[in-house]
Amino acid sequence: MTSAAIDFDAMPPTELAHELMPEVVDAAVSAPDQAVVDRAAAWASSAVAPHAESWERERRFAAEAFASAGDERLCGLLVPVADGGSGLSQVGLARVLEEVAAADFAIAFVLVCHNNLAGAVSRRAPAQMRERALGPLVSGERLGAFLLTEPGVGSDAAKITTAARRDGDEWVIDGRKAWVSNGTAADVMSVYAQADPAAGHRGIMTFLVDGSTDGIERTDGYELIGAHGIGTNEIRFNECRVSDADVMVPLGEGFVAAMEGIDIARVLVAAMCCGMMRTGLATAIDYVRKRQAFGGRIADLQGVRFRLADVATDLEAARLLAYRAALAVAEGRPAAVHAAHAKKFATRVAERGLADCMQVMGAVGGRRDHPLPRHLAASRLTHYVDGATEIQDVVISRSLLD
Ligand SMILES: Cc1cc2nc3c(=O)[nH]c(=O)nc-3n(C[C@H](O)[C@H](O)[C@H](O)COP(=O)(O)OP(=O)(O)OC[C@H]3O[C@@H](n4cnc5c(N)ncnc54)[C@H](O)[C@@H]3O)c2cc1C
């Protein structure tokens with residue numbers, strides 16, 4: 001905080017969360033999952049919220065935040081209890097990430113990428129790989145990253161060109177991966193590579209590669225509009241040699257494996273947007289209740305009230321869409337269209353809603369001694385992660401028209 005900082009007596013995000021929690025969400029979270037949600041919320045407000053702005057200013061991956069997430073048992077959320085994880089349901093996971101993103105999107109996204117990888121290892125990896133890799137991922141001793149996107153291939157992920165070729169009893173990986181979340185610090189990387197171009201997407205396989213393997217070169221983190229804490233960068237593979245023991249998903253199944261978590265990933269982005277909107281609304285409410293103009297509280301001006309009412313309506317609708325989709329995933333029902341609606345709507349209303357919350361705060365809205373500018377910048381990036389908005393429209397329009 002600067003010396004001229006505004007005293008917001010900030011309303012903790014969880015207070016507003018409770019007021020705005022639709023019964024449908026409460027009912028879907030089991031008691032053990034709720035305990036994890038509560039633990040995550042307490043951790044986010046004590047260990048993340050107070051530091052997130054300085055991490056962003058320093059433009060760095062907050063290793064200390066990830067380490068403390070491990071201490072709080074937040075790194076194996078999708079790994080079954082029998083394998084040392086929390087065995088959280090997808091609805092519980094969405095609630096956890098909503099709470100963490102209410103403090104900071106970057107840290108929430110770090111946890112999403114890591115937890116998705118740990119979950120994929122527990123589901124997909126052969127027994128020997130699970131035995132050696134899962135424990136350190138679940139404890140947070142080792143950080144994971146997911147490497148699908150390339151500089152030349154984004155939305156059309158089946159067309160990746162990073163190559164895996166056999167050489168004796170080794171595999172040799174060559175190519176470039178782009179937009180690697182956690183990439184500047186990752187210890188373990190799931191690398192999607194094309195081993196049989198003639199087979200199209202069926203030629204893709206997945207390796208679980210140690211980040212210190214020879215032939216791996218990392219760039220610095222990208223300079224972005226925001227969310228630098230994700231440590232997103234490019235990673236190059238120059239004749240990187242790995243063995244059969246590093247094959248996580250065999251030839252033919254790699255692309256399916258990459259896509260199998262996509263619905264829940266989109267739901268989680270929606271839930272994270274809800275978390276950021278909640279903080280936006282809480283911060284704006286707190287401010288306009290105190291700020292005076294023309295002989296009264298800004299909070300009593302109808303234009304201000306209605307603007308915040310619109311944000312609240314969008315937040316309610318975004319949460320209902322997000323948790324409807326989370327429930328569909330958790331219950332094994334078709335969820336692709338629900339997830340696409342949820343992600344598209346939540347990302348859209350988060351960006352607009354955060355800007356509206358900043359607007360009712362006047363020029364103070366643009367200052368960085370409260371979290372809204374950080375959340376607004378991050379909300380722009382949510383439009384691209386886990387399938388850009390237009391890809392959600394491809395899914396939705398296909399369900400309507402084909
Ligand atoms: C912060 C951040 C973190 C990320 N982390 C990861 C990560 O950890 N691992 C990873 O593999 N990737 C990651 N990504 C990459 C992300 O998945 C891609 O950005 C996304 O898939 C879109 O690809 P692209 O940006 O290359 O857009 P492009 O594919 O180049 O698309 C450009 C534009 O064209 C539109 N478009 C494309 N196809 C169609 C179509 N059929 N119809 C209509 N419009 C279309 C797109 O919607 C977009 O607006 C991350 C991205 C961001 C921003």
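Order of listing sets the numbers, starting from 1, for every ligand and every atom in it. What you are looking at is a predicted structure, and each value in this text was computed from that prediction instead of being measured.
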Counting heavy atoms only, which of Ile262, Leu381, Thr149 is nearest atom 17 (O) of ligand 1? Thr149
Among Gly183, Gly154, Ser190, Gly231, which residue places a heavy atom closest to atom 24 (P) of ligand 1? Gly154
What residue and heavy atom of the protein are closest to [atom], and at what distance?
{"atom": "atom 7 (C) of ligand 1", "answer": "Trp179 O, 2.9 Å"}
{"atom": "atom 49 (O) of ligand 1", "answer": "Glu390 OE1, 3.1 Å"}
{"atom": "atom 41 (N) of ligand 1", "answer": "Val394 CG2, 4.0 Å"}
{"atom": "atom 20 (C) of ligand 1", "answer": "Tyr384 O, 3.5 Å"}
{"atom": "atom 1 (C) of ligand 1", "answer": "Val385 CG1, 3.8 Å"}

Examine distances only and state if a side-chain atom of Asp104 and a backbone atom of Ile107 form a donor-acceptor pair shorter than 3.5 Å. yes
Do the side chain of Gln392 and the main chain of Lys343 share a donor and acceptor less than 3.5 angstrom apart? no
Examine [X] against ligand 1 and note whether any of their N/O atoms are separated by less than 3.5 Å.
{"X": "Ser181", "answer": "yes"}
{"X": "Ser155", "answer": "yes"}
{"X": "Phe146", "answer": "yes"}
{"X": "Leu148", "answer": "yes"}
{"X": "Asp156", "answer": "no"}

NZ or CZ of Arg241 within 45° of Trp171 ring axis and under 6.0 Å: no
Could [X] and [Y] be called an ion pair, given the rule that one side-chain N must be under 4.0 Å from one carboxylate O?
{"X": "Asp310", "Y": "Arg307", "result": "no"}
{"X": "Glu234", "Y": "Lys177", "result": "no"}
{"X": "Arg176", "Y": "Glu150", "result": "no"}
{"X": "Asp314", "Y": "Arg319", "result": "no"}

Can you confirm whether something in the protein, heavy atoms only, sits under 4.0 Å from atom 31 (O) of ligand 1? yes
Does the protein come close to atom 9 (N) of ligand 1 - that is, does one of its heavy atoms sit below 4.0 Å from that atom? yes
What about [X] and [Y], are their ring centers closer than 6.0 Å?
{"X": "Tyr192", "Y": "Phe207", "value": "no"}
{"X": "Phe66", "Y": "His114", "value": "yes"}
{"X": "Tyr384", "Y": "Trp179", "value": "no"}

So if I count the atoms of ligand 1 from 1 in the order they appear, which ones are less than 4.0 Å from some heavy atom of Ile391? 38 (N), 39 (C)
